[in-house]
Amino acid sequence: MTLSLDLKQSIWQVVASIPEGRVATYGQVAEMAGQPGRARWVGRLLSELPEATTLPWHRVVNARGNITNPQALTQIRRLALEGIETNNQRLALKQHRWRP
DNA sequence: CCTATGACCATAG
DNA sequence: CCTATGGCCATAG
């Protein structure tokens with residue numbers, strides 16, 4: 001199956017709907033977009049975003065609350081602005097996870 | 001066609 | 001906490 005524009009848009013939509021001050025995991029985003037088990041698609045899609053995007057990609061972390069992003073510093077800074085503190089690239093997922 | 005590579009994940013030891 | 005394993009799947013070479 002090819003990565004259709006529809007699928008990309010559904011994933012972007014989910015990311016866009018993550019509230020400020022909350023985070024979601026890659027797997028969570030994939031599942032909410034109707035593609036369970038496809039966390040890697042999410043990570044790869046986010047890696048292709050233009051630098052000027054308004055999509056809140058910084059609110060997506062891995063299943064352990066860890067930041068595994070080449071742009072970790074940017075992500076950590078943005079999360080801090082929303083009141084989410086990190087420690088060694090890790091945050092308290094249990095407290096900050098978005099539960100719709 | 002085959003292998004390697006990820007902004008991943010769950011489970012087991 | 002850490003490593004190992006198996007699964008995931010588009011993309012690149």
Side-chain angles (χ1 to χ4, degrees):
Chain A
M1 176 179 178
T2 303
L3 213 59
S4 69
L5 183 57
D6 279 347
L7 178 51
K8 291 182 178 180
Q9 291 181 330
S10 67
I11 289 176
W12 291 331
Q13 207 287 322
V14 171
V15 175
S17 65
I18 304 172
E20 180 179 337
R22 310 247 77 186
V23 300
T25 70
Y26 294 95
Q28 181 183 353
V29 171
E31 187 172 351
M32 292 177 69
Q35 296 297 318
R38 264 144 241 215
R40 296 191 102 118
W41 283 14
V42 177
R44 208 168 66 72
L45 252 193
L46 296 188
S47 75
E48 294 173 351
L49 291 173
E51 193 175 344
T53 183
T54 58
L55 210 64
W57 55 266
H58 58 284
R59 298 185 188 136
V60 183
V61 298
N62 76 10
R64 297 175 193 165
N66 218 271
I67 292 172
T68 52
N69 170 346
Q71 303 232 47
L73 294 181
T74 299
Q75 184 164 8
I76 289 171
R77 181 169 49 75
R78 290 189 183 179
L79 287 173
L81 289 176
E82 299 185 0
I84 299 179
E85 296 305 321
T86 57
N87 215 309
N88 285 336
Q89 307 213 329
R90 174 171 32 151
L91 55 80
L93 187 57
K94 195 171 181 181
Q95 297 174 14
H96 304 292
R97 192 206 270 269
W98 175 42
R99 298 182 194 74

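Here is the naming used below: chain letters follow the sequence lines, and residue numbers restart at 1 for every chain.
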Path from [X] to [Y] over hydrophobic side-chain contacts below 4.5 Å:
{"X": "A:L55", "Y": "A:L7", "answer": "yes"}
{"X": "A:M32", "Y": "A:Y26", "answer": "yes"}
{"X": "A:L45", "Y": "A:L49", "answer": "yes"}
{"X": "A:L79", "Y": "A:L46", "answer": "no"}
{"X": "A:V60", "Y": "A:W41", "answer": "yes"}

C:dC9 P sits how many Å from A:L45 CG, rounded?
15 Å
For a quick check, with a 4.0 angstrom heavy-atom cut-off, what is the B/S/- contact string for nucleotides 6-13 of chain B, read 5' to 3'?
BBBSS---
Please report, to 0.1 Å, the donor-acceptor pairs under 3.5 Å made by any side chain of residues 14-22 of chain A, with sequence neighbours excluded.
from	atom 1	to	atom 2	distance (Å)
A:S17	OG	A:Q13	O	3.4
A:S17	OG	A:V14	O	2.7
A:R22	NH1	A:R97	O	3.3
A:R22	NH2	A:Q95	O	2.7

Heavy-atom contacts under 4.0 Å between residues 88-100 of chain A and DNA chain B, which residues?
none
Which residues satisfy the salt bridge (Lys or Arg N to Asp or Glu O under 4.0 Å) test with A:R44, sequence neighbours excluded?
A:E48
Runs of at least three Watson-Crick or G-U pairs with DNA chain C, cut-off 3.5 Å:
B:2-6 with C:9-13, B:8-13 with C:2-7
Using the C1' atoms only, state how far B:dG6 lies from C:dC8, rounded to an integer number of Å.
12 Å
Using the C1' atoms only, state how far B:dC1 lies from C:dG13, rounded to an integer number of Å.
13 Å
If you measure from CZ on A:R90 to CD1 on A:I76, what distance do you get to the nearest 0.5 Å?
12.5 Å
Is it true that a side-chain atom of A:Q35 and a backbone atom of A:S10 form a donor plus acceptor pair closer than 3.5 Å?
no
Considering only residues two or more places apart or on different chains, which pairs with a residue in residues 58-73 of chain A satisfy side-chain hydrogen bond (donor to acceptor under 3.5 Å, both in side chains)?
A:H58-A:E82, A:R59-A:E82, A:N69-A:Q75
